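See below for the structure under consideration.
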Amino acid sequence: QVQLVESGGGLVQSGGSLRLSCAASGIIFSIDAMGWYRQAPGKQRELVATVTSGGSTNFADSVKGRFTISRENAKKTVYLQMNNLKPEDTAVYYCNFRLKRNWAARFDDYWGQGTQVTVSS
């Protein structure tokens, strides 16, 4: 089985910083894109940032210039550095890996359990 385990969430004041990590474990043949999504109360889950296997990144407009995403392939880990946090960044953050478990399999999406980020004003 594949598991994604997130860490680094918490409570921070407006203007502060947090760094989220998400590490995958289990039998994994190849990882394509890695990313972070978030869901605030009463809202749909939305994309925050993604990074492809080639290193290309994509960010939601609301976080551009404040968040950075990076990956460490040897550790099967993706990071989200969040700076200048705002109260509207408060949400549960989920990591997502698009991966295949063996050479014949298709790429499928896997999700972490979520980590709470709360930004106080």
Side-chain angles (χ1 to χ4, degrees):
Q1 292 216 355
V2 173
Q3 277 193 315
L4 303 186
V5 179
E6 297 142 343
S7 60
L11 173 64
V12 65
Q13 288 189 330
S14 182
S17 298
L18 284 174
R19 188 191 194 211
L20 305 183
S21 301
C22 175
S25 62
I27 299 175
I28 297 171
F29 177 77
S30 177
I31 302 173
D32 186 10
M34 300 178 182
W36 290 93
Y37 294 71
R38 68 186 181 187
Q39 187 167 18
K43 295 187 177 181
Q44 289 189 329
R45 189 173 298 189
E46 63 177 2
L47 179 146
V48 176
T50 61
V51 56
T52 68
S53 57
S56 297
T57 58
N58 181 48
F59 295 92
D61 288 343
S62 59
V63 307
K64 283 180 181 176
R66 300 188 296 123
F67 292 10
T68 57
I69 188 170
S70 60
R71 59 190 283 168
E72 201 168 351
N73 292 326
K75 293 185 176 181
K76 301 175 187 173
T77 299
V78 65
Y79 305 96
L80 185 70
Q81 178 66 44
M82 305 184 292
N83 298 327
N84 190 22
L85 282 159
K86 304 176 180 180
E88 51 263 43
D89 295 317
T90 296
V92 177
Y93 284 69
Y94 298 90
C95 63
N96 168 269
F97 282 25
R98 189 161 183 82
L99 61 86
K100 57 192 307 184
R101 299 193 62 195
N102 59 69
W103 70 273
R106 66 179 186 181
F107 281 99
D108 281 326
D109 287 315
Y110 289 79
W111 295 88
Q113 80 285 357
T115 185
Q116 177 71 45
V117 171
T118 303
V119 184
S120 63
S121 56

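Everything numeric in this text was worked out from a predicted model, so none of it was measured.
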Check: [Y] and [X] side chains under 4.5 Å, non-hydrogen atoms:
| X | Y | answer |
| --- | --- | --- |
| I27 | V2 | no |
| N96 | W36 | no |
| L99 | D32 | no |
| F59 | V48 | no |

Hydrophobic clustering (ILVMFWY, side-chain heavy atoms < 4.5 Å, transitive) - are [Y] and [X] grouped together?
| X | Y | value |
| --- | --- | --- |
| V78 | I28 | yes |
| Y37 | I69 | no |
| V63 | L18 | yes |
| V12 | M82 | yes |
| L47 | F67 | no |

Here the salt bridge (charged side-chain N to carboxylate O under 4.0 Å, His left out) pairs for residues 5-17, sequence neighbours left out, are none
Going by the salt bridge (charged side-chain N to carboxylate O under 4.0 Å, His left out) test, which pairs reach into residues 40-57, not counting sequence neighbours? R38-E46
Measuring from atom OG of S14 to atom NZ of K86, what distance do you get when rounded to the nearest 0.5 angstrom? 8.5 Å
How far does OG1 of T50 sit from CG of L80, to the nearest 0.5 angstrom? 11.0 Å
side-chain hydrogen bond (donor to acceptor under 3.5 Å, both in side chains) with N83: which residues, sequence neighbours excluded? S17, Q81
For T118, all residues meeting side-chain hydrogen bond (donor to acceptor under 3.5 Å, both in side chains), sequence neighbours excluded: Q116
Return a table of donor-acceptor pairs under 3.5 angstrom between the side chains of residues 105-113 and protein atoms on other chains or two or more places apart.
| from | atom 1 | to | atom 2 | distance (Å) |
| --- | --- | --- | --- | --- |
| R106 | NE | D108 | OD1 | 2.9 |
| D109 | OD1 | R98 | NH1 | 3.3 |
| D109 | OD2 | R98 | NH1 | 3.1 |

May I have all residue pairs that pass disulfide bond (SG atoms under 2.5 Å apart) and include part of [range], sequence neighbours excluded?
| range | result |
| --- | --- |
| residues 30-79 | none |
| residues 49-84 | none |
| residues 22-117 | C22-C95 |

Can you list every pair that meets side-chain hydrogen bond (donor to acceptor under 3.5 Å, both in side chains) and has a residue in residues 64-80, with sequence neighbours left out? D61-K64, R66-D89, R71-N73, E72-Y79
To which residues is F29 joined in a hydrophobic cluster, defined by side-chain heavy-atom contacts under 4.5 Å among Ile, Leu, Val, Met, Phe, Trp and Tyr, whether direct or through other members? W103
Which other residues belong to the hydrophobic cluster containing L11, where Ile, Leu, Val, Met, Phe, Trp and Tyr are joined when side-chain heavy atoms lie under 4.5 Å apart, directly or via other members? none
Which pairs would a plain distance check flag for residues 51-58, meaning a side-chain donor or acceptor within less than 3.5 Å of a matching protein atom at least two apart in sequence or in another chain?
| from | atom 1 | to | atom 2 | distance (Å) |
| --- | --- | --- | --- | --- |
| T52 | OG1 | G54 | N | 3.2 |
| T52 | OG1 | G55 | N | 3.3 |
| T52 | OG1 | S56 | N | 3.1 |

Shortest non-hydrogen pair, A24 vs F97, comes out as CB-CE2, 3.5 Å
What are the two closest heavy atoms between S121 and P87, and how far apart are they? CB-CG, 3.9 Å
